[in-house]
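Have a look at the structure below before the remarks.
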Amino acid sequence: MKIAISQKRLYMNNPQKNFDLLKADVNKAIGKADLIIFSELSLSSTLIGDRIVNDTLLNTLSKLQKQVIKLSQDIPIVWGNLHQMQGEAFNALFYAKEGQLESYGFEDEPFEFTLNNQTFTVSHDPMVTPYLNLVLGMHPYEHEKISETYPNTLKVGSDGLSNNGHEVYQLDNFGYLNYKNKTQIFYDDFIIIDTQNINTTPVPKPTLLDHLIKGIQYFDEENLAYKPTWLVGVSGGLDSALSVTLLTLALGKARVHGVSMPGPFTREITLKNAQHLFKALDISHETIDIKPMVDATVSAMNHGDITGLAYENIQARLRGHTLMTLASLKNGIVSNNGNKIEAALGYATLHGDAIGGLSLLADLTKLEVGQLAKEINQKKEIIPNNLIPNINPDKIEWEFAPSAELSEGQFDPMKWGYHDLLIPYLMENSVESFLEKVIDTTLFKTPLGQYLKGYQLSPEVFIQDLEWVVRSLNLAVYKRIQTPPVLKVSRIGFGVEPQVPLMYSDKYQLLKDKILKKDILH
């Protein structure tokens, strides 16, 4: 049997557009396939909150549903949509043939149908069935995820963006047919497969870089119809270098404007790196010296000599002020360049470098930022090589160590490599479980343990550092929930987050004492 698979791009809250794309794929399949299958919620895409799921949407989906059923006059169709029953809307799957609705089922109620002497089971998730299981999926893309295939299964993925206001993630367009001990994998938006002639040729999997570029494109298209200029504060550091490069790759150089904002402690190498980027990407740019604004602010405050963190924050906020002023002048939007580790530890200034319309890197650790920069530079040095870390199994080496350059000789306080892996661990596991793995030494068989060992910390410094990380994670929640939406690419990341602290149990002190009494880190 020949089956057409549509993993078409879906648009949130735009049912008519989704129907038009569905209809176009139906027309492509007529005369070439025996059946066409779409993803779940193929008319609405993901649905979030009462503001979207209202009578207007439900009535529109009901009318379009009837039109999909009419389309089945020329080819049988399997698809997903909302179904209203007794005043409630349910995520349902449907099968129509010859202009009639034949069968439907819900998330916990799969259904079966027979076509051309072949019986199918239709469900939202893979299940054991004597028939060919059609799985209509709609899941977020996760770059660490190992995609599994299940026997006797045809899975349809989906494409598009889901945006709940705090986190923005792409839908996973991984699809496959596993049938008669053969597997065909596909990422196509439209493909016709033959169950009697399964193509087992390996296909390249879209990379993390591919998904980031697509995520930026989708966000820009769906939320910024006026096509603004994206303004990037290009500090000359690695994060802003990756941000401005991603935006240029995604939207083209005409849509991106770089801004260098040297301050009292900006180094010459930083300025050179920024200029290198502007030239390599061939984007418009300008330099605005913030030192006069810093001096004027200190003078206007009439609080004498301002030093320390207050002075650093003045600089960061004036950079944010400068970018937002330019955004008003250029009808633009500002990118947020902070990475996941900075977000976790609160290493950002509210109304300063924490501003922006979208947090491009806030679900990427510094290690991942470095790896992406290296990938981008494979053919040509776009991101200055002196910014890209040398990543070893037990240590990270920098030619130009990360710095906010807000005070003399300042460098970021993170233990790169170790903190990059520790923070994601603590986001889904307890502090106590981490200490138990240190004590029984199983941690040192993992990359996290190797980086910890590479720092050669004394027990006292190890505990001090761990408690600093936990304290910083707790204190930074109020910052994270005020920063721009996060472009998510992992299962565990910041976005929707309760404003509550991590907690220690009574067991923590016992585990801590064990570590302090015995040097097990070397």
Side-chain angles (χ1 to χ4, degrees), residues 1-10 21-22 24-42 71-72 74-80 93-98 102-103 105 110-143 145-160 170-207 210-211 214:
M1 179 181 289
K2 292 184 177 180
I3 303 175
I5 308 295
S6 174
Q7 300 183 141
K8 65 185 178 68
R9 163 84 179 279
L10 298 174
L21 293 170
L22 180 150
D25 279 356
V26 167
N27 289 333
K28 281 194 287 186
I30 293 172
K32 299 176 183 176
D34 304 298
L35 171 70
I36 184 168
I37 307 174
F38 296 87
S39 72
E40 67 173 285
L41 298 176
S42 56
L71 292 176
S72 72
D74 299 307
I75 184 172
I77 305 173
V78 175
W79 76 103
L93 305 178
F94 302 87
Y95 168 62
K97 184 179 73 167
E98 297 176 353
E102 297 283 333
S103 305
F111 68 91
E112 298 169 4
F113 72 90
T114 300
L115 177 68
N116 297 350
N117 298 317
Q118 170 91 51
T119 301
F120 301 89
T121 302
V122 183
S123 61
H124 283 87
D125 295 299
M127 59 180 294
V128 177
T129 169
Y131 311 117
L132 181 58
N133 184 199
L134 305 181
V135 179
L136 278 58
M138 183 168 284
H139 304 285
Y141 163 75
E142 300 166 10
H143 76 93
K145 182 180 180 181
I146 298 174
S147 299
E148 296 182 85
T149 62
Y150 295 86
N152 211 32
T153 300
L154 194 166
K155 178 187 177 295
V156 180
S158 49
D159 192 15
Q170 294 161 70
L171 302 176
D172 191 354
N173 64 342
F174 168 71
Y176 68 87
L177 170 64
N178 186 327
Y179 188 57
K180 295 183 178 179
N181 298 315
K182 292 182 178 180
T183 302
Q184 179 174 351
I185 291 174
F186 47 86
Y187 299 94
D188 312 67
D189 56 1
F190 180 86
I191 186 173
I192 295 177
I193 58 176
D194 187 345
T195 60
Q196 302 303 314
N197 185 23
I198 297 173
N199 184 357
T200 59
T201 305
V203 295
K205 180 181 179 180
T207 65
D210 294 330
H211 278 280
K214 187 164 68 171

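This structure is a prediction, so every number in the text was calculated from the model and none was measured.
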Looking at Gln118, I'd like to know if its CD atom is crowded, meaning that more than 12 non-hydrogen atoms belonging to other residues, nucleotides or ligands lie closer than 6.0 Å.
yes
Minimum side-chain heavy-atom gap Phe38-Ile77 below 4.5 Å
yes
Does the pair Ser39 and Ser158 meet the rule for a side-chain hydrogen bond (donor to acceptor under 3.5 Å, both in side chains), with working shown?
CA-CA 6 Å; Ser39 72; Ser158 49; 4.6 Å; no
Is there a side-chain contact between Ser6 and Leu22 (heavy atoms, below 4.5 Å)?
no
Please round to the nearest 0.5 Å and tell me the distance separating atom CG of Asn178 and atom CG of Asn152.
8.0 Å
Side chains of Gln196 and Lys180, heavy atoms from C-beta outward: is any pair under 4.5 Å?
yes
Spacing of Glu148 atom CD and Thr153 atom OG1 [to the nearest 0.5 Å]
11.5 Å
Should Ile193 and Asn199 count as side-chain neighbours, where that means a heavy-atom distance under 4.5 Å?
no
Any side-chain heavy-atom pair from Ile36 and Phe190 closer than 4.5 angstrom?
yes
May I ask you to decide if the ring planes of Phe120 and Phe113 are parallel, tilted or perpendicular, using 30° and 60° as cut-offs?
parallel
Find out whether Leu132 and Leu177 are in side-chain contact, i.e. whether some heavy atom of one side chain is under 4.5 Å from a heavy atom of the other.
yes
Begin with the C-alpha distance, continue with both residues' side-chain angles, and end with the deciding distance and a verdict on side chain to side chain contact (heavy atoms under 4.5 Å, CB included) for Phe186 and Ile5.
CA-CA 10 Å; Phe186 47 86; Ile5 308 295; 3.7 Å; yes
Worked check of side chain to side chain contact (heavy atoms under 4.5 Å, CB included) between Ile75 and Val26:
CA-CA 8 Å; Ile75 184 172; Val26 167; 3.8 Å; yes
Determine whether more than 12 heavy atoms belonging to other residues, nucleotides or ligands lie under 6.0 Å from atom NZ of Lys97.
yes
